[in-house]
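Here the structure is laid out as structure tokens; the discussion comes afterwards.
It should be emphasised that the depicted structure is a prediction, and the values quoted were computed from it without experimental measurement.
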Amino acid sequence: MEGHEGISLLRDSVPLLGFALIFVLIFRRLGLGATLGYLVAGALVGPQMLGLVGDAEGKMGIAELGISLLLFLVGLELSPSRLWRMRHDIFGFGTLQVTLCGLAIALVVAATTNATVAAALALGLPLALSSTAQVLPMLQSAGRMRTPIGERTFSTLLFQDLSIVPLITIIAALSRNPADQGGPPGWLLGLYTVLAVAGLVLAGRFLLRPLFRLIGNLGEREMFVFAGLFAVIASAAVMETLGLSTALGAFIAGVMLADSPYRHELEADVEPFRSILLGLFFLAVGMALDLHAIAERPWFVVGMALALIATKAAIITLLARLFRMPWRQALAVGLLLSQGGEFGFVLFAQAQDALLILPEAASLFGAIVTLSMATTPFLMMFSQRLRAEPEPSAEGLEGPQQDGANAIVVGYGRFGQTVAQMLIGQGISVTLVDTDVEMIQTAGDFGMKVYYGDGTRLDLLRQAGAADAELILFCQDGDGMDTEQLEAIHHAFPKASIFVRAYDRRSIMRMKGAPIAGAVRELMESAVVMARRAMQAVGVEVSEIDRTEAEYRRRDYERLKVQRETGDLRAGRDGMFTHANPTTAAQSDLERG
């Protein structure tokens, strides 16, 4: 019998993982996120459609470990210093968001259905939570995690993840299940919770940390995986034994290790398990959706999904404005968090077990969460222009003026700032020109006068006083300038020495024959400095470092000379340092070795 179950599980995993792979790739490609791909794949292979896989409840039991691992990783992020810095957003904005959105949506549920007050709360409060699994990847892929929008969104999601514990407690308090009602009173559950948390914290300090220290000293890296999973499962099991939330146990396990030196190793080791099990959780949710109940009331599902999105977006946007966010950023946060989230499925199952809602209601509202999650990428795309900050206007900015400067620096970014400040430090007067309005305004805050204009134009350079300047330095971003442009500038201003910032070797090759005093590859010198410091760190003598640098520069110059003459990027590659062609000193060391 056990062998048959093993074969059945193995057979089920083929269509389950195969469909998940296909749909996650498709949905990722469309920019809709992996979560929806898992849900659709689960619904397709489930018993109500293709019927390729069964026993959704059994798989859900295993997959719920993914939720515990998610909260464990959230706990690992919560070092006390970070918690303190984000306390206003986490506990101020987060508390108001969950409370106001939960109550408002519960009112909508009560007004549109025949639900009792307890059922409306059991359905409305979970819908206040958003999808951490969907929103965080969107922020990370857009590179916006460290922006005001990203930090406010992350802190809100963090509080939502924490709030699952009190929400489970509320549902348990409202329970109509005789088994729940025969359990311990609320004050005793509260005492159990405090004692369990204190016990887990003590266990983390006096048992887990020494365990990880021992594993680290032994160098057994794979044991970190076992120890991390043990910490999560053991903490969750302790809480389950006491009739408390397993999610809280996993979260406490993460917090216990947030300040330990093993935090990053644990994150790296546990993350793949979290991703796999969370994916299996969404697959099981998709399999468990009652598609017949949804098909009977499609307009209810669509209408409630729209009401959910509109209610949450409006409340979160207004709250963000109250917390002094600009309205465009506030709207972005509101739309980002307007969907339902994965913890809603967990809480609907809890409410169903507590006999607060029927299985059909759990399926209907699970579908509402799914549909709301599907709309988020489209909402963000459609509202992009509305949410975008207006482009800084050049109105009121001065064009360059002839002020007798010895040097004109075109481009005042990170490269041009260093060039200009060093020239100024030597007492050379400088005129600064750039087209970035925001940068010009920022430079003014630091006491630097930057004129607006395209410094590659002859008329603008003449207006800036290039006819009398001794230096013209092109420091702007991009692939640089070509020979024809530079010849025209040299012909117009023959007194000035021209220097050009080049992006790479190709940029220098495009300037072949240009009348310039010098071209500098933007990363060349910083790369040489790092290589020198790296050699010093491994004990190479300074004289040998100097010799290696000189040899590299000689070879690089000869290579570049041949490349410019032939126009072939591959020319001169025999002059590169390779393992087969090291320096003379290094070759001697190899021969002696």
Main chain of [Y], side chain of [X]: is a donor-acceptor contact present, judged purely on distance under 3.5 Å?
| X | Y | answer |
| --- | --- | --- |
| D459 | R462 | no |
| Q339 | L336 | yes |
| E470 | A496 | no |
| E549 | R532 | no |
| S130 | L337 | yes |
| K512 | E565 | yes |
| N406 | I428 | no |

So how far is it from [X] [atom1] to [Y] [atom2], rounded to the nearest 0.5 Å?
| X | Y | atom1 | atom2 | result |
| --- | --- | --- | --- | --- |
| R510 | Y503 | CZ | OH | 11.0 Å |
| D434 | Q476 | CG | CD | 8.5 Å |
| T483 | M509 | OG1 | CE | 11.5 Å |
| R505 | R559 | CZ | CZ | 4.0 Å |
| H490 | L486 | NE2 | CG | 10.5 Å |
| E522 | R414 | CD | CZ | 6.0 Å |

Other residues, nucleotides, ligands: >12 heavy atoms within 6.0 Å of [X] [atom1]:
| X | atom1 | value |
| --- | --- | --- |
| M524 | CE | yes |
| E484 | CD | no |
| Q426 | CD | no |

Give me the atom names and distance for the closest heavy-atom approach of [X] to [Y].
| X | Y | value |
| --- | --- | --- |
| T456 | I489 | O-CD1, 4.2 Å |
| A407 | L473 | CB-CD1, 4.1 Å |
| A467 | F493 | N-CD2, 3.6 Å |
| C475 | G416 | CB-CA, 3.7 Å |
| I472 | A466 | CD1-CB, 4.0 Å |
| G37 | F23 | O-CB, 3.6 Å |

_Electrostatic pair R555-E551, nearest N-O below 4.0 angstrom_ =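 A salt bridge links R555 with E551.
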*Is any side-chain N of the basic residue among E558 and R554 closer than 4.0 Å to the acidic one's carboxylate O?*
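A salt bridge is absent here (no side-chain N lies under 4.0 Å from a carboxylate O).
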_Test side chain to side chain contact (heavy atoms under 4.5 Å, CB included) applied to I408 and V430, L461, L471, L432, the passing residue_ =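 The passing option is L461.
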*Go through the steps for R521 and D556 under the test side chain to side chain contact (heavy atoms under 4.5 Å, CB included), then give the verdict.*
CA-CA 12 Å; R521 277 173 281 165; D556 184 71; 2.3 Å; yes
_Residues T431, Y451; criterion side chain to side chain contact (heavy atoms under 4.5 Å, CB included); working and verdict_ = CA-CA 8 Å; T431 294; Y451 294 103; 3.8 Å; yes
*pair I440-D436: side-chain heavy atoms closer than 4.5 Å*: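 No, too far: nothing below the 4.5 Å cut-off.
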*CA sep, side-chain torsions, deciding dist, call: E525, V529, side chain to side chain contact (heavy atoms under 4.5 Å, CB included)*: CA-CA 6 Å; E525 298 304 321; V529 170; 5.5 Å; no
*With a 3.5 Å cut-off and no angle check, do the side chains of S543 and D546 form a donor-acceptor pair?*
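Looking only at side-chain atoms, D546 and S543 do not form any donor-acceptor pair under 3.5 Å.
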*Check step by step if side chain to side chain contact (heavy atoms under 4.5 Å, CB included) holds for Q417 and M448.*
CA-CA 10 Å; Q417 289 170 20; M448 298 297 293; over 6 Å; no
